[in-house]
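Quick notes on the structure that follows.
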Amino acid sequence: MKDINRRKVILDVDTGSDDAVALLLAILSERFDILGITVCWGNSDVETCTSNTLQVVDLLGSDIPVYQGCPEPMVRHLSRGRVFNNAPNRTSIVKNGKEYKTHPGTLPIPPATSLKQSLHACSFLVETIKNSPEKITLIPTAPLTNMGMALRMDPSIAENVEEIVLMGGAVGTGNASACAEANFFHDPEAAKIVIDSGIKIRIVPLNATRSAGLYREDAARLIALGTAAGKLAGDLVNMRSDASDVMQTRGGKGEPIHDALAVAWLLDEGVITEAREEKCDVDINGGACDGQMIVDTRLGYEHAPNATVAYKADRQRFMEILCEHLSKGPKA
Ligand code: BDR
Ligand code: CA
């Protein structure tokens with residue numbers, strides 16, 4: 001039975017370790033009516049991301065439908081020079097014969113038994129948003145290919161979107177390249193379509209997620225909750241921490257669980273402690289700044305803001321939100 005007071009949401013994921021934690025949080029929250037989960041390519045090929053998503057849904061005994069979406073970016077892979085001009089994202093490394101990964105190929109939980117829907121994710125997005133009697137909130141934590149495609153298929157859906165709360169972008173240091181974050185870098189055109197859509201947007205860039213990194217003590221606390229959700233989240237925090245330690249990508253700080261912070265912001269406004277309304281853009285020119293998020297902070301210029309950008313988060317509060325929600329559901 002759907003509760004009409006719950007916020008109607010669609011998550012768009014590329015599961016993925018941090019997407020898995022975002023899904024656990026969203027599914028276990030009583031505040032959302034999740035109409036469906038759409039899956040994009042990104043952390044892995046779209047088939048793997050879809051089966052990982054189904055694994056999480058099954059782990060919680062949920063029947064939320066999962067729709068597979070785009071296997072490639074809108075146009076990026078057509079211009080080969082772009083792909084090779086930029087330093088690749090470091091998400092795995094081999095040391096002393098052992099491979100360390102930020103994202104597992106398959107999640108360390110039982111294989112999925114439920115099946116994806118036959119409808120394509122973009123068709124689901126268009127039909128569902130268009131026909132919903134109530135505005136829908138979109139939570140993309142993946143390259144924005146599905147979102148960009150849906151907006152190209154039917155731009156009028158923008159009118160029925162309450163807001164988009166997305167994880168992506170970086171103001172300053174990137175991860176997929178020196179200046180670009182992975183979700184924007186992997187499909188810059190789609191990111192630009194979304195940002196230029198006129199829809200109310202909240203952006204959770206690397207600035208915010210890196211300010212709320214989790215530590216091994218946090219992982220232990222999640223596992224000690226005794227639930228399947230807590231165990232998976234804790235194991236994934238540890239797995240990501242192992243990989244980052246070997247790759248030395250964290251500079252001694254906690255491990256960001258990027259995607260879960262976007263969901264947490266919807267559940268508790270106070271988890272973001274610094275956010276500003278700003279005019280954002282995305283570079284799509286294929287050079288060294290391809291996929292970079294640009295924020296126009298010049299004084300004396302007229303630039304109407306098109307997004308609210310989060311810069312800092314409260315990591316203790318983030319942990320409280322995770323513990324509160326991941327203590328629910330099946331036992332470990
Ligand atoms: C983002 O890229 C992906 O690898 C993560 O799942 C997250 O959505 C972080 O840059
Ligand atoms: Ca993701």
Side-chain angles (χ1 to χ4, degrees), residues 10-26 37-46 48-50 52-53 55-56 66 69-70 73 76 86-93 100-105 107 121 138-147 164-188 190-191 194 202-214 232-233 236-237 239-241 243-244 247 249-250 253-265 282 290-293 309-310 313 318:
I10 298 172
L11 291 116
D12 186 68
V13 293
D14 60 335
T15 321
S17 53
D18 53 336
D19 302 81
V21 182
L23 285 170
L24 294 169
L25 192 53
I37 300 166
T38 55
V39 185
C40 191
W41 77 286
N43 286 320
S44 190
D45 58 81
V46 71
T48 305
C49 292
T50 303
N52 288 350
T53 303
Q55 277 186 283
V56 178
V66 173
C70 296
R76 188 179 200 281
N86 291 287
N89 198 6
R90 272 176 93 192
T91 54
S92 74
I93 192 169
Y100 296 85
K101 289 172 153 189
T102 307
H103 301 281
L107 294 177
L138 303 174
I139 315 173
T141 62
L144 289 143
T145 317
N146 290 341
M147 295 289 149
I164 295 177
V165 182
L166 68 86
M167 191 282 133
V171 186
T173 309
N175 56 1
S177 76
C179 59
E181 179 278 336
N183 290 339
F184 280 24
F185 179 81
H186 284 134
D187 198 336
V194 170
R202 283 196 263 168
I203 299 178
V204 180
L206 294 179
N207 309 62
T209 64
R210 284 175 173 151
S211 77
L214 301 190
L232 175 59
L236 292 173
V237 170
M239 195 197 72
R240 289 179 63 95
S241 303
S244 299
M247 292 189 280
T249 45
R250 272 188 296 131
K253 304 217 178 82
E255 179 63 27
I257 310 299
H258 311 282
D259 298 339
L261 187 62
V263 175
W265 199 8
V282 182
D290 207 23
Q292 180 184 15
M293 172 172 160
V309 182
F318 182 39

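All ligand and atom numbering here is 1-based and tracks the order in the structure.
Applying side chain to side chain donor-acceptor pair (under 3.5 Å) to Thr15 and the options Thr53, Asn52, Thr50 leaves one that passes, Thr53. Under the side chain to side chain donor-acceptor pair (under 3.5 Å) test applied with Trp41, the options Asp14, Asn146, Thr145 reduce to a single match, Thr145.
Which of Asp18, Asn183, Thr209 comes nearest to atom 6 (O) of ligand 1 through a heavy atom is settled by distance: it is Asp18. Which of Leu206, Asn43, Thr102, Thr141 comes nearest to atom 3 (C) of ligand 1 through a heavy atom is settled by distance: it is Asn43. Of the listed options His186, Glu181, Arg210, His258, Glu181 places a heavy atom closest to atom 1 (C) of ligand 1.
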Apply side-chain contact (heavy atoms from CB on, under 4.5 Å) to residues His258 and Thr141 and explain how you reach the verdict.
CA-CA 8 Å; His258 311 282; Thr141 62; over 6 Å; no
Output, in order, the C-alpha distance, side-chain angles, deciding distance and verdict of side-chain contact (heavy atoms from CB on, under 4.5 Å) for Ile139 and Val263.
CA-CA 7 Å; Ile139 315 173; Val263 175; 4.2 Å; yes
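Not one N or O on the side chain of Arg202 forms a donor-acceptor pair closer than 3.5 Å with the backbone of Ala310. In this structure, Ser244 contributes its side chain and Ser241 its backbone to no donor-acceptor pair below 3.5 Å.
Counting atoms of ligand 1 from 1 in the listed order, those under 4.0 Å from a heavy atom of Asp259 are 5 (C), 6 (O), 7 (C), 8 (O). Listed by number with element, the atoms of ligand 1 under 4.0 Å from a non-hydrogen atom of His103 are 4 (O), 6 (O). Annotation for ligand 1: atoms under 4.0 Å from non-hydrogen atoms of Asn175 are 9 (C), 10 (O). Near Met167, with a cut-off below 4.0 Å to any heavy atom, the atoms of ligand 1 are 1 (C), 7 (C), 8 (O), 9 (C). Which parts of ligand 1 touch Ala182 is read off a 4.0 Å heavy-atom cut-off, strictly below it: atoms 2 (O), 10 (O). The ligand atoms of ligand 1 that sit less than 4.0 angstrom from a heavy atom of Asp19 are 6 (O).
Counting heavy atoms from C-beta on, the side chains of Val56 and Leu107 come closer than 4.5 Å. With a 4.5 Å cut-off on side-chain heavy atoms, Leu206 and Pro256 do not count as touching. Considering only heavy atoms from C-beta on, Thr102 comes within 4.5 Å of Met247 through its side chain.
Protein N/O/S atoms nearer than 3.0 Å to the Ca ion (ligand 2) total 5.
Here Phe184 contributes atom CZ and Asn175 contributes atom CG; the two are 11.5 Å apart, rounded to the nearest 0.5 Å.
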